[in-house]
There are 2 protein chains.
Amino acid sequence: MADRETRPTTVWSRPERGARGPAPERSRYEITAAALALADAEGLAAVSMRAVAQRLGTGPASLYRYVGSREELLDLMADAVAGELDLSAAPSGDWLGDLVGLALQSKAAHTRHPWLPELNDRRGEVLGPHAIDYLDHALAVLAPAPGTSRQKLEAIGLLGGLATLFARREAMAAAGEDSGAGDPPAQAAHLAAVAAEGRHPHLLAALTAAGPPPVAGPAERDALFERLLRRLLPSMLG
Amino acid sequence: MADRETRPTTVWSRPERGARGPAPERSRYEITAAALALADAEGLAAVSMRAVAQRLGTGPASLYRYVGSREELLDLMADAVAGELDLSAAPSGDWLGDLVGLALQSKAAHTRHPWLPELNDRRGEVLGPHAIDYLDHALAVLAPAPGTSRQKLEAIGLLGGLATLFARREAMAAAGEDSGAGDPPAQAAHLAAVAAEGRHPHLLAALTAAGPPPVAGPAERDALFERLLRRLLPSMLG
DNA sequence: TAATACTGCGAACATCGATCGCAGTATTAG
DNA sequence: CTAATACTGCGATCGATGTTCGCAGTATTA
């Protein structure tokens, strides 16, 4: 009559191992690390249960003793990245500066793990322990700031989104011509060809005037990001 | 000796149909429309070649006469949404106002098609004809604005990213409690439980103080978005 | 009229996430 | 000490997915 275990919902609400049988030969951590390495090396699509299993020298079915599904593994990966952030610095009182520091760290994490946006786009994202630590830390930083709790939570959420956005744009700029394009040689050539047809005069002008290489160093990029945040955040917490 | 057709690269660089055989029974447009309807109704994951084919009353293999791969179909979908934007209004001279108008349209499109971010997160996104029209239009709007062509292209790109970001946040807020969570009941309960353990005092305080429902209407949301843009864009084109 | 280049599409393949069930092992109960 | 229990590892397998092959039929070209 017990209705079939409706759902423990998240990885973290289920115990890592039972208390009865033999000791597990692997751990969630080990599996998550393998998945992270795979994603960093070959992209998120390369993180298949089979590939992760092979990397650990076992069969795909074995992984399901540790994670309930691939989705759960992705949740673990996201939380592992959240755990990479350094929250050890105590709030300094300069909440804006502290928050900007968090944002820069977050942006750096996205640069380290370009597959993060793809991960976060899944609906119903789950907050793991590290993400919760981050949230609490950010709220601690914001304690001396004005604004309601709801405003602060929204500001923190927006902060993460902006870090993602800027990291993505910087990655694109680094990979060649910008303007929303992807592959520099092919895409730029295609754009130029289309523009040359005459129906897009402004595009043509912009492309021919593009002239000098990007030259914007990472420090400049961070500066733009920081300026935006310093302007935006106070206006959200009035 | 011809090296195996390296790659026509995009859907649009390949002719829609050959000149020899029987007339195709369907068209790229028809297929794209079916895919769009499916995505709107059941999400992007529901857009499988089989599902699209079934919706058109044919077999999966037939679709490959129109698109080279599922990826190309996704490109077509993205460009179809770009085609939903109304670019008929000529630049008014108030470039900031015109640009904000474009951004609001873009945000609305993301609200209409919640699967758009998932689409755009694929690397190497390809600009179709509608996207190119949009780009040229935005550049036309920016003609009287200060700044280099590169700055303008970057501003336009950032604009799109911000529209995506805000649309996502609004969708989350509409779907229940915010704070970066997904499923309101389960996730909020889980958060509260964790916070109650005592190690996250600021989170606990924020959650218990959350009090009144969101109440922010869509007009207010648009206003926040617009304020941000009006402040940010001029500083990017100095 | 013959050659050609296309169209529609059933059948099939590789790969994916996930489940089942069995053999083996550690814990617990009596 | 023994039996019952609840776990672990994992080969075999399932259903779904994107994609390809090859054939029968059709319109265009020579």
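Proteins come first, then strands; the chains are lettered A, B, ... in the order of their sequence lines, and each starts at number 1. Computed from a predicted model, the values in this text were never measured in an experiment.
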Exercise. What integer distance in Å separates A:Arg50:CZ from C:dA14:P?
Worked result: 13 Å
Seminar exercise, completed: note: B:Glu72, atom CD; D:dT20, atom P; distance rounded to Å ~ 11 Å
For this session: Mind calculating the distance between CD (B:Gln54) and P (C:dG8) to the nearest angstrom?
Result: 18 Å
Problem set entry | Interatomic distance, B:Leu44 CG vs D:dG18 P [rounded to whole Å] | 11 Å
Exercise. So, A:Trp12 versus A:Asp75: side-chain donor-acceptor pair below 3.5 Å or not?
Worked result: no
Seminar exercise, completed: As its Watson-Crick or G-U partner within any shown strand, both distances under 3.5 Å, D:dA30 has C:dT1
For this session: Rounded off to whole Å, could you give me the CD-to-C1' distance for the A:Glu71 and C:dC16 pair?
Result: 14 Å
For this session: Check A:Arg122 against A:Leu74 and note the closest heavy-atom contact, atom names and distance.
Result: NH1-CB, 3.6 Å
Problem set entry | Residue-level proximity of residues 55-62 of chain A to DNA chain D when a heavy atom falls under 4.0 Å | A:Thr58, A:Ala61, A:Ser62
For this session: Calculate the interatomic distance between A:Tyr66 atom OH and D:dC10 atom C1'; express it in whole Å.
Result: 11 Å
For this session: Using the closest heavy atom to pick a nucleotide of DNA chain D for each, name whichever of B:Tyr64 or A:Glu25 lands nearer the 5' end.
Result: A:Glu25
Exercise. Is it true that the side chains of A:His113 and A:Glu84 contain a donor and an acceptor less than 3.5 Å apart?
Worked result: yes
Exercise. Would you find a donor on one side and an acceptor on the other, under 3.5 Å apart, between the side chain of A:Thr58 and the backbone of A:Gln54?
Worked result: no
For this session: With the side chain of B:Arg70 defined as its heavy atoms from C-beta on, choose the nearest nucleotide among C:dT7, D:dT19, C:dT25.
Result: D:dT19
Exercise. Would you say the side-chain atoms of B:His110 and B:Glu170 include a donor-acceptor pair closer than 3.5 Å?
Worked result: no
Exercise. For the atom pair CG (B:Asp79) and CD (B:Glu125), what is the distance rounded to the nearest 0.5 Å?
Worked result: 11.0 Å
Seminar exercise, completed: B:Met49 and B:Leu73 have their tightest heavy-atom pair at SD-CD2, 4.3 Å
Exercise. When the distance from CD1 of B:Ile31 to C1' of C:dT7 is rounded to whole Å, what number comes out?
Worked result: 13 Å
For this session: Would you mind reading off the distance between A:Leu63 atom CG and D:dG11 atom P, rounded to a whole angstrom?
Result: 12 Å
Problem set entry | D:dG9: pairing nucleotide in any strand, Watson-Crick or G-U under 3.5 angstrom | C:dC22
Exercise. So which one's nearest nucleotide on DNA chain D is more toward 5', B:Gly21 or B:Ala45?
Worked result: B:Ala45
For this session: Between A:Ala23 and B:Arg17, name the one whose nearest nucleotide on DNA chain C is closer to the 5' end.
Result: B:Arg17
For this session: Look at the side chain of B:Arg20 and decide which nucleotide, out of C:dT7, D:dA6, C:dC6, has an atom nearest to it.
Result: C:dC6
For this session: Select base, sugar-phosphate, or nothing to describe what A:Arg65 touches, counting heavy atoms under 4.0 Å on all strands.
Result: base
